Enquirer: 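Handing you this structure, nothing more for now.
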Amino acid sequence: MIETHSHTQFSQDGKMTLLDLAMHAINRGYIYLAVTEHLDKDYLFSKNEKEKSIIQLNLDAYEKEFNRVKGLAGDKMYLAFGVEAGYCAEATPIYNEIFSKYKFDIIINSVHSVNYIDAYFSAMNSETKKDEFYIAYLKTVLDSVKAPYEWDILGHLGYPSRYVSYKDSRIYYSATKPLIDEILTEMIKRGKTLEINAKSDGGGMLPEKEVLARYKELGGTELSFGSDAHHLSRLGEGFGKASELAKSLGFTHWNIFKGRKKEKVAI
C-alpha cells in the first residue's frame, strides 16, 4: 500500500504521533508513506480571527522528529517528508522562502480558503448562493495551479462540498465545466498530479467520478491516493475503493514522490 496524504500532531488538527503513524504503516505492510503536515500560511491573511490564532507548523521541530523517525524506520518503508500548503496569493513569497530552505519529498497544493476564510469555518453557514460560492472556490483553485512556487499534487478538488449547508452540496461538473476543464488542462500542461482524496468525513471521495473521467478524457494520467488521515484508524481508508475507481476509468498507476521526483506505482 501507499499513502501520500497524512497528518500527525504537528498539524493543528492531527491526533497521532509521527512515530505511531510510521510504525502503524510499517506493520500494515506499506511501501511508501508521506507525512504532509498542514502549512497554513493562507491563515495569516484570513478574515477569520479563529484561523489567525491557530498555531502554525513548527517546521524545525517537525523536521527534527521526522529525521529521527525515518532513522528508526530504516529500509522497512520509504517515509516521505512533506507538507500540505494552503493556497493564498499573498502567501506566495512565504512559500517560496520555505520551499527553498527545507528539502521536502512532496508538496500538496490545497485550497481550503474561499474569500479568505477556510470553507470548514465559513461554508457551513454560508449565505452565499451555491453557484457563486463554488465558482469563487474553483477560480481560487485555478489560481493555485498557476502559483509561482513548487508543488506536486493538487489536493482534494471539491473540498468545500464536505462542509457546506446547501441541501445538495455536490459540485456538478456540468454546472462548472469551463472552470474545471481549465483547471484540469492547466494541470496536465504543467505535469501535476491529481489526488483522489478518500477522507470520508462529511462526504465521499474527491474529486467526483465525473471530474476524474473528464481528466482522463483530456489526457490526464497522473493520480495520487490520499486518505487524509488525522487518526491512526483512518490511515489508508478508502484505498481499495479508490483503486477500483481509478482502474475502472482506465488509470494504471499512482504517483509517489521522493526528493520531489515522481515515481510510479501500479494500481
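Residue numbers count from 1 along this sequence. In this text the structure is predicted, and so the values were computed from the model without any measurement.
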Enquirer: Kindly check if the number of other-residue, nucleotide or ligand heavy atoms within 6.0 Å of CD (Glu97) is above 12?
Expert: no
Enquirer: Roughly how far, to the nearest 0.5 Å, is CD of Gln56 from CG of Leu44?
Expert: 4.5 Å
Enquirer: Do the non-hydrogen side-chain atoms of Asp40 and Gln12 ever get within less than 4.5 Å of each other?
Expert: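 Heavy-atom side-chain distance check passes, below 4.5 Å.
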Enquirer: Which label fits Tyr149 and Tyr87: parallel for a plane angle under 30°, tilted from 30 to 60°, or perpendicular past 60°?
Expert: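 Tyr149 and Tyr87: tilted rings.
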Enquirer: Working to the nearest 0.5 angstrom, can you tell me the gap between Leu79 CG and Lys258 NZ?
Expert: 11.5 Å
Enquirer: Quick one: closest heavy-atom pair of Val141 and Ser144, and the distance?
Expert: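 Smallest interatomic distance, heavy atoms only, reads O-OG, 2.6 Å.
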Enquirer: Which heavy atom of Tyr137 sits nearest a heavy atom of His156, and at what distance?
Expert: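 Smallest interatomic distance, heavy atoms only, reads OH-O, 3.6 Å.
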Enquirer: Of all heavy-atom pairs between Tyr62 and Val83, which one has the smallest distance, and what is that distance?
Expert: CE2-CG1, 4.3 Å
Enquirer: As an exercise, state the distance from CG of Asn115 to NZ of Lys139, rounded to the nearest 0.5 Å.
Expert: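 If I round to the nearest 0.5 Å, the distance is 10.5 Å.
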Enquirer: Determine yes or no for a side-chain-to-main-chain donor-acceptor pair under 3.5 angstrom, with Glu150 supplying the side chain and Phe99 the backbone.
Expert: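 The answer is no, because no donor-acceptor pair under 3.5 Å joins these two groups.
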Enquirer: Would you call Arg214 and Glu210 a salt bridge, taking side-chain N to carboxylate O under 4.0 Å as the test?
Expert: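 No, Arg214 and Glu210 are not salt-bridged.
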Enquirer: Is any side-chain N of the basic residue among Glu222 and Lys262 closer than 4.0 Å to the acidic one's carboxylate O?
Expert: yes
Enquirer: May I ask you to check whether over 12 heavy atoms, not counting those of Lys64, lie within 6.0 Å of atom NZ?
Expert: no
Enquirer: Would you please classify the geometry between the Trp254 ring and the Phe239 ring as parallel, tilted or perpendicular, with 30° and 60° separating the classes?
Expert: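 Judged by the thresholds at 30° and 60°, the geometry between Phe239 and Trp254 is tilted.
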Enquirer: Taking only residues two or more places apart in sequence or in another chain, which ones pass side-chain hydrogen bond (donor to acceptor under 3.5 Å, both in side chains) with Lys52?
Expert: none
Enquirer: Fit a plane to each ring of His230 and His38, take the angle between them on a 0 to 90° scale, and name the class: parallel (under 30°), tilted (30 to 60°) or perpendicular (over 60°).
Expert: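 Tilted, since the angle between the ring planes falls between 30° and 60°.
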Enquirer: Looking at every non-hydrogen atom in both residues, tell me the closest pair between Tyr134 and Ser161 and how far apart they are.
Expert: OH-CA, 3.4 Å
Enquirer: Does NZ or CZ of Lys192 fall inside the cone over Trp151's six-membered ring, less than 6.0 Å from its centre and within 45° of the axis?
Expert: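 Yes, Lys192 sits over the ring of Trp151.
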Enquirer: Within a radius of less than 6.0 Å around NZ of Lys70, do more than 12 heavy atoms belonging to other residues, nucleotides or ligands occur?
Expert: yes
Enquirer: To the nearest 0.5 Å, what is the distance between OH on Tyr30 and CG on Leu21?
Expert: 9.0 Å
Enquirer: One pair to check against side-chain contact (heavy atoms from CB on, under 4.5 Å): Leu39 and Ile98. What are the steps and the verdict?
Expert: CA-CA 10 Å; Leu39 190 59; Ile98 290 171; 4.2 Å; yes
Enquirer: Is a donor on one side and an acceptor on the other found under 3.5 Å between the side chain of Tyr32 and the backbone of Phe257?
Expert: yes
Enquirer: Measure from NZ or CZ of Lys103 to the centre of the six-membered ring of Phe81 and say whether it is under 6.0 Å with the direction within 45° of the ring axis.
Expert: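 Cation-pi check for Lys103 and Phe81: fails.
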Enquirer: Is a side-chain donor or acceptor of Ser46 paired with a backbone partner of Asp42 at a separation under 3.5 angstrom?
Expert: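 Checked: no pair found.
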Enquirer: When clusters are formed by joining ILVMFWY residues with side-chain heavy atoms under 4.5 Å apart, either directly or through shared neighbours, do Leu206 and Val111 land in the same one?
Expert: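 As far as the 4.5 Å side-chain criterion goes, Val111 and Leu206 are not connected within one cluster.
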Enquirer: If you look at every heavy atom in Ser227 and Glu3, which pair is closest and at what distance?
Expert: OG-OE1, 2.6 Å
Enquirer: State yes or no: do Tyr172 and Met205 share one hydrophobic cluster built from I, L, V, M, F, W and Y residues joined by side-chain heavy-atom distances below 4.5 Å, directly or via other members?
Expert: no
Enquirer: Between His231 and His7 (judged by ring centroids, cut-off 6.0 Å), do the two rings come close enough to count as a pair?
Expert: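 Ring centres of His7 and His231 not closer than 6.0 Å.
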Enquirer: The test is side-chain contact (heavy atoms from CB on, under 4.5 Å); show your working for Thr4 and Thr193 and say whether it passes.
Expert: CA-CA 11 Å; Thr4 60; Thr193 297; over 6 Å; no
Enquirer: Could you state the interatomic distance from CG (Leu212) to CD (Glu208), rounded to the nearest 0.5 Å?
Expert: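 Between atom CG of Leu212 and atom CD of Glu208 there are 9.0 Å.
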Enquirer: Heavy-atom count check: over 12 atoms from other residues, nucleotides or ligands less than 6.0 Å from Lys247 NZ?
Expert: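 No - once you tally the heavy atoms of other residues, nucleotides and ligands closer than 6.0 Å, there are 12 at most.
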Enquirer: Using the six-membered ring of Tyr166, assess whether NZ or CZ of Lys129 lies under 6.0 Å from its centre and within 45 degrees of the ring axis.
Expert: no
Enquirer: Please say which of Asp118, Val114, Ile171 ends up in a side-chain contact (heavy atoms from CB on, under 4.5 Å) with Tyr159.
Expert: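 The residue from Asp118, Val114, Ile171 that satisfies side-chain contact (heavy atoms from CB on, under 4.5 Å) with Tyr159 turns out to be Asp118.
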Enquirer: Might you point out which heavy atoms bring Lys76 and Leu72 nearest each other, and give the distance in Å?
Expert: NZ-O, 3.9 Å
Enquirer: Between Glu244 and Lys241, does any NZ, NE, NH1 or NH2 come within less than 4.0 Å of an OD or OE carboxylate oxygen?
Expert: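 Result for this pair is no, no salt bridge flagged.
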Enquirer: Could you go through Leu223 and Tyr215, starting from their C-alpha distance and side-chain angles, then the distance that decides it, and tell me whether this counts as side-chain contact (heavy atoms from CB on, under 4.5 Å)?
Expert: CA-CA 10 Å; Leu223 287 183; Tyr215 175 61; 4.0 Å; yes
Enquirer: Quiz question: by atom type and distance under 3.5 Å, do the side chains of Asp105 and Tyr78 form a donor-acceptor pair?
Expert: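 Side-chain D/A pair, Asp105 to Tyr78: present.
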Enquirer: Spell out, as yes or no, whether a donor-acceptor pair under 3.5 Å connects the side chain of Thr36 to the backbone of Gly82.
Expert: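 No, Thr36 side chain to Gly82 backbone: no donor-acceptor pair under 3.5 Å.
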Enquirer: Hey, are Arg260 and Asp152 close enough for a salt bridge, meaning a charged N less than 4.0 Å from a carboxylate O?
Expert: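 Result for this pair is yes, salt bridge flagged.
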Enquirer: Please round to the nearest 0.5 Å and tell me the distance separating atom OG of Ser110 and atom NE2 of His5.
Expert: 5.5 Å
Enquirer: Run the side-chain contact (heavy atoms from CB on, under 4.5 Å) test on Leu157 and Val211 for me, step by step, so that the C-alpha distance in whole Å, both residues' side-chain angles and the decisive distance to 0.1 Å come before the verdict.
Expert: CA-CA 9 Å; Leu157 179 58; Val211 174; 4.1 Å; yes
